[in-house]
Amino acid sequence: MPFKAPRGTVDIMPVEQGYWRYVEGVAAQVCRLYGYQRIDTPIFEETSLFARSVGESTDIVEKEMYSFQDRGGGGLTLRPEGTAAICRAYLEHGMHNLPQPVRLHYLGPIFRYERPQAGRYRQHQQLGCEAIGEQDAAVDVEIVNLAWRFLHRLGLGNLVLYLNSVGCPRCRPGYLVVLKDHYEPHLASLCPECRTRFHRNPLRLLDCKKDSCQPVADGAPPMLDYLCDSCAPHFQVVREGLEMLGIPFQSNHRLVRGLDYYTKTVFEIQPGGGGAQSTIAGGGRYDGLIEELGGRPTPGVGFATGIERIILNLKSQGVALPNPHASPIFVAYLGEAARRDALKLLEDLRQGGIAAVSAFGDRSLKAQLRQANALGVSHTLILGEEELKTGTVLLRTMAQGKQERVPREAVLSVAREGSLPLRGD
RNA sequence: GUGGGCGUAGCCUAGUGGUUUAAGGCGCCAGGUUGUGGCCCUGGAGAUCGAGGGUUCAAAUCCCUCCGUCCACCCCA
């Protein structure tokens, strides 16, 4: 095997495409319903955009970015997440002049240099939605709601929504002092990672899954008790909004996220079974991000979902795909004269909007039918010398093994009347 | 970056030192006489046994290194 797909990447084979078309279709539909317009940003951006937004001390920036120099010498990076680029585009195109909030969604590849494992790839697809320019907590509710409805409309069930607030620059510093005070006496019993976190990124202490750190983390004072007079009511409105919409959630004071830009609301959605790499959607508010990127203070809130993980769950939950694609018609021919006419027939069918394929080369009728069967086609058109003479074709219905002779020029209308499958896509 | 499992044809698997010129199943191609698939039968193509090095008279089989893959940690979608 001379070449293989690079580590952590996969080919999405034709048999998988049904899932992808389905998820993309539902995404487009739901985004339209909620008024989130599509935007496509470049696959790569200036490296500093991500360093600035995601946070210098995050894992993503420290060790997971695909960065490179282009021939002009500039530092570029394959996007490791979606929000930063959306905010950049918001600024670049003066979208603050549009009615606020600006609702956008994107769908495309994300790149992170990580060790691959179940549900984790170096290139994967994310669908993300962002609402920029409105600080009302009702927008947080809309975003969570959108994520929740999207996953449910796909047919996923047994999902758990975790919710928290990580405060803002006004209240978080005070909380971190309290948090460190809580951890300080237990430093010796913590895992090595947590001892590092204590100094570098204390909020992440709460995220540790090591057994040794659980008691200390569980006993930590909740951020919610230290929210300021802006964040506390904001969170309350979010909770009430979700309750009003009938969206169940679990408040989880240990939910923090690995990107530095989050403020106030953060949330994750996981399948009930739990397990590693289980988060299928995550997001939150990022009120300081646009300003950090050089814009005027502008609030924002959004989420992203991983399509591969969604599909993993669609499969494990046995969600059936609607519209299994209509099979094409197979055209079989016998002899050189019929071959030429078959090519014409093939094209007539296709021009008429009917999917059609044939075998090529000098194959026996038996071989051609064998192939038609293997392809799972519903109908086969057979053209031989007899048919050429009489200006007809044989229409064979594969499942019944029955066939009828129809006039050559009637083939298209027979197909249109519905006895032959019209091509879906 | 750390730890563990695994790497034999497109896919699944047998073979753990000489009976292997590497076997079987699926799939693919062809045939089973005149222009007819699905079942069955027969035949065929297809493998540098992940790569490199070493031990040995002899290696898919033992040792080392590397690579890949899967799972877990970390982190995240």
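Naming convention: chains lettered A, B, ... in sequence-line order (proteins, then strands); numbering from 1 in each chain.
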Side-chain ion pair, A/E46 and A/R88, N-O less than 4.0 Å: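 No, A/E46 and A/R88 are not salt-bridged.
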Carboxylate-amine/guanidinium proximity below 4.0 Å for A/R103 and A/E134: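 A/E134 and A/R103: not salt-bridged.
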Polar atom pairs between nucleotides 3-7 of chain B and protein, under 3.5 Å, N or O only, would you list them?
unit_1: B/G3; atom_1: O6; unit_2: A/R115; atom_2: NH2; d: 3.1

A/K344 atom NZ, neighbour heavy-atom count above 12 within 6.0 Å: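 No, not enclosed.
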Residues, nucleotides or ligands: over 12 heavy atoms within 6.0 Å of A/E385 CD: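 Count not over threshold, so no.
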Euclidean distance, atom [atom1] of residue [X] to atom [atom2] of [N] [Å, nearest integer]:
X      : N     : atom1 : atom2 : answer
A/R120 : B/G1  : CZ    : C1'   : 11 Å
A/F3   : B/G68 : CZ    : C1'   : 15 Å
A/R309 : B/A77 : CZ    : C1'   : 5 Å
A/K63  : B/G1  : NZ    : C1'   : 6 Å
A/L78  : B/A77 : CG    : P     : 17 Å
A/Q270 : B/A77 : CD    : C1'   : 11 Å
A/D11  : B/G10 : CG    : C1'   : 13 Å
A/E114 : B/A77 : CD    : P     : 10 Å

Any A/Q117 side-chain nitrogen or oxygen under 4.0 Å from OP1 or OP2 of B/A72: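 Checking B/A72 against A/Q117, a side-chain N or O does come within under 4.0 Å of OP1 or OP2.
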Ring geometry between A/Y175 and A/Y226 (parallel below 30°, tilted from 30 to 60°, perpendicular above 60°):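 Aromatic pair A/Y226/A/Y175 classed tilted.
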Plane angle bin for A/Y113 and A/Y66 - parallel if under 30°, tilted between 30 and 60°, otherwise perpendicular: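 Rings of A/Y66 and A/Y113: perpendicular, over 60°.
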Separation between OH of A/Y106 and CD1 of A/I39, rounded to the nearest 0.5 Å: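 One finds 11.0 Å between OH of A/Y106 and CD1 of A/I39.
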Reported OH-to-CG distance for the pair A/Y262 and A/D287, which is rounded to 0.5 angstrom: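 The CG atom of A/D287 is 12.5 Å from OH of A/Y262, to the nearest 0.5 Å.
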Separation of the [atom1] atoms in [N] and [M], to the nearest angstrom:
N     : M     : atom1 : result
B/G32 : B/C57 : C1'   : 49 Å
B/C28 : B/A47 : C1'   : 16 Å
B/G50 : B/G7  : P     : 8 Å
B/A9  : B/C66 : P     : 24 Å
B/C40 : B/G25 : P     : 12 Å
B/C6  : B/G15 : P     : 14 Å
B/A30 : B/G37 : P     : 13 Å
B/G31 : B/G68 : P     : 44 Å

Side chain A/R112 and base B/A77 donor-acceptor under 3.5 Å: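 Per atom types, the contact qualifies.
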Pair assignment for B/A30, Watson-Crick or G-U wobble, requiring both distances under 3.5 Å: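 For B/A30, the partner nucleotide comes out as B/U42, under the 3.5 Å rule.
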5' precedence on RNA chain B between A/V10 and A/T58 (nearest-nucleotide basis):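 Per heavy-atom nearest nucleotide, the more 5' residue is A/V10.
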Closest non-hydrogen atom pair, A/L312 against A/G119: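 Scanning both residues, the minimum pair turns out to be CD2-CA, 3.8 Å.
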Could you tell me whether [X] contacts a base, only the sugar-phosphate backbone, or nothing, with contacts defined as non-hydrogen atoms closer than 4.0 Å?
X      : value
A/G283 : nothing
A/A281 : sugar-phosphate
A/S364 : sugar-phosphate

Worked check of salt bridge (charged side-chain N to carboxylate O under 4.0 Å, His left out) between A/R254 and A/D218: CA-CA 8 Å; A/R254 289 183 52 187; A/D218 283 332; 2.8 Å; yes
pair A/V238-A/F249: side-chain heavy atoms closer than 4.5 Å: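 No - every pair of side-chain heavy atoms lies 4.5 Å or more apart.
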Nucleic acid footprint by protein, nucleotides 34-45 of chain B - heavy-atom cut-off 4.0 Å, B for base, S for sugar-phosphate alone: -BBBB-------
